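In what follows, a structure is listed as structure tokens, so that the remarks can point back to it.
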Amino acid sequence: VALTGARLDEARLLHWSWIDIDKGIITIPAEYTKAMREHRIPITKTLLNLIQYWKSLYRDPMSDLVFYSEYDHQKPIYKNLFQCAVSSNCNKECTIHGLRKSLRTWVAEHGVSMVIAEMLISHDKRDPLVKIYEKKDYLDECRDALEKWQEYLITQLPNEFLELV
């Protein structure tokens, strides 16, 4: 969540089949997004390392869920467990939505255009007419922005987390 700016349910309900390592993209289907439109998240080097590490530890071949319930691998992890993981690893009060806001603020402060910044968090404030004519997906620009954000985040991690990335 911190690395991608994904919403809680986009992360919590993530399926392995949505992750395309070869193309370097995670595609959240429209029916799983708040905006009811597909959300494409570029896979950076840091994110790829974490995905592969997680897969080596927790991939259940009988479940397509990346984060499944401890008691039933066909059901996603509970929402409050995601928030607890965030809260218990922060020095200050932290929320998942706060992580999204931090990403959005940081990229804006570091020269990322509003279009890219909004696309990163699955907002799209472009005029509907512009969206019809402009078919560029900005995936490369989003990947560049996420890489810079992730480099910054890594500098903020305590030592015990650094070995994960």
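On a predicted model such as this, the values are computed, not experimentally measured, just so you know.
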Ignoring hydrogens and angles, write down the donor-acceptor pairs under 3.5 Å from the side chains of residues 139-146, residues two or more places apart or on other chains.
from	atom 1	to	atom 2	distance (Å)
E141	OE2	K136	NZ	3.3
R143	NE	I43	O	3.4
R143	NH2	G24	O	2.4

Test side-chain contact (heavy atoms from CB on, under 4.5 Å) on K148 and H110; report intermediate values, then the result. CA-CA 9 Å; K148 289 174 185 162; H110 289 82; over 6 Å; no

Stepwise side-chain contact (heavy atoms from CB on, under 4.5 Å) test for M114 and M119: CA-CA 8 Å; M114 186 183 82; M119 290 180 117; over 6 Å; no

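- Under the salt bridge (charged side-chain N to carboxylate O under 4.0 Å, His left out) criterion, R12 pairs with D9, sequence neighbours left out.
- Contacts of K75 classified as side chain to side chain contact (heavy atoms under 4.5 Å, CB included), with partners at least two apart in sequence or in another chain: S69, D72.
- Residues V66 and I25 do not share a hydrophobic cluster, defined by chaining ILVMFWY side chains whose heavy atoms lie under 4.5 Å apart.
- Under the side-chain hydrogen bond (donor to acceptor under 3.5 Å, both in side chains) criterion, R104 pairs with E118, not counting sequence neighbours.
- To the nearest 0.5 Å, atom CD of residue Q74 and atom CG of residue L65 are 7.0 Å apart.
- Here CZ of R7 is found 11.0 Å from CD1 of I28. Values are rounded to the nearest 0.5 Å.
- Cluster membership check: M62 does not share its hydrophobic cluster with L14, using side-chain heavy-atom separations under 4.5 Å among Ile, Leu, Val, Met, Phe, Trp and Tyr.
- Taking the side-chain hydrogen bond (donor to acceptor under 3.5 Å, both in side chains) definition, one finds that D60 meets it with H73, sequence neighbours left out.
- Applying the side chain to side chain donor-acceptor pair (under 3.5 Å) test to pairs two or more places apart or on separate chains, those with a residue in residues 42-56 are T44-Q150.
- Considering every non-hydrogen atom in both P42 and L47, the closest pair reads O-CD2, 3.9 Å.
- Hydrophobic clustering (ILVMFWY, side-chain heavy atoms < 4.5 Å, transitive): L81 and L57 are in one cluster.
- Remark: of the listed residues I21, I51, D20, I51 is the sole one forming a side chain to side chain contact (heavy atoms under 4.5 Å, CB included) with I26.
- Residue pairs meeting the side chain to side chain donor-acceptor pair (under 3.5 Å) criterion with at least one member in residues 21-34: none, sequence neighbours excluded.
- When the ring pair (Phe, Tyr, Trp, His ring centres under 6.0 Å) test is applied to W16, no partner is found at least two apart in sequence or on another chain.
- H15 contributes a side-chain N or O that, together with a main-chain N or O of L13, makes up a donor-acceptor pair within less than 3.5 Å.
- In terms of heavy atoms, V1 sits closest to A6 at CG1-O, 3.7 Å.
- Under the 3.5 Å distance criterion, the side-chain polar atoms of W106 are left unmatched by any main-chain donor or acceptor of L153.
- When all heavy atoms are compared, the tightest approach of R40 to D137 is NH1-OD2, 3.2 Å.
- Evaluation of the side chain to side chain contact (heavy atoms under 4.5 Å, CB included) rule for T105 yields E109 as partners, not counting sequence neighbours.
- For the pair A35 and S122, the tightest heavy-atom approach, listed with the atom from each and the gap, is CB-O, 4.5 Å.
- Closest approach of W18 to P29, counting heavy atoms only: CE2-CD, 3.4 Å.
- A single hydrophobic cluster is not seen to contain both Y58 and Y71; linkage of ILVMFWY side chains at heavy-atom distances under 4.5 Å, directly or through other members, places them apart.
- Nearest heavy atom pair, residue L99 against residue A2, reads CD1-CB, 4.1 Å.
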